[in-house]
Amino acid sequence: MLTILLAELARMILMSDSRQLLDKVKQVFLNEAPTTADVVMENEVEYKTKAKMAADLQEMRKEIRLAREGKLKGKLAKELINDIL
C-alpha cells in the first residue's frame, strides 16, 4: 500500500507545473515547512491575476474619463491605486 501511495505522490509531483507546490514539497523534505499560522496567513492574501489587473485598469480609465466629462464624481489617486492592489 505504501508503494502505491509513493508512486502516486511521485507522479503528482512530476506532473506538477506549480512552482509554489514544488517549493512547499521541498520545504517539507528539508524540514523547513511553514507553521500552520504561516499557511493560514498566506491563504488569506488575495492575489490578482494579470487579466484581473488589466480589467481593473481599464475600469479606472473609464471612471477617469467619465469624471473628466462631469458624468461621475472623481476618486482620489490613493483610492485608484488601492483598487489596483
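A heavy-atom distance below 4.5 Å is found between the side chains of Glu8 and Arg11.
In this structure, the salt bridge (charged side-chain N to carboxylate O under 4.0 Å, His left out) partners of Glu69, at least two apart in sequence or on a different chain, are Arg65, Lys71. A search for salt bridge (charged side-chain N to carboxylate O under 4.0 Å, His left out) contacts involving Arg68 returns nothing, not counting sequence neighbours.
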What's the verdict on side chain to side chain contact (heavy atoms under 4.5 Å, CB included) for Lys50 and Met53, showing C-alpha distance, side-chain angles and the deciding distance?
CA-CA 5 Å; Lys50 187 175 180 179; Met53 289 179 74; 5.8 Å; no
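Here the straight-line distance linking atom CD1 of Ile4 with atom CG of Leu9 works out to 13.5 Å at 0.5 Å rounding. Between the CD1 atom of Ile13 and the CG atom of Leu21 there is a distance of 7.5 Å, given to the nearest 0.5 Å. The distance from atom CD1 of Ile64 to atom CE of Met60, rounded to the nearest 0.5 Å, is 6.5 Å.
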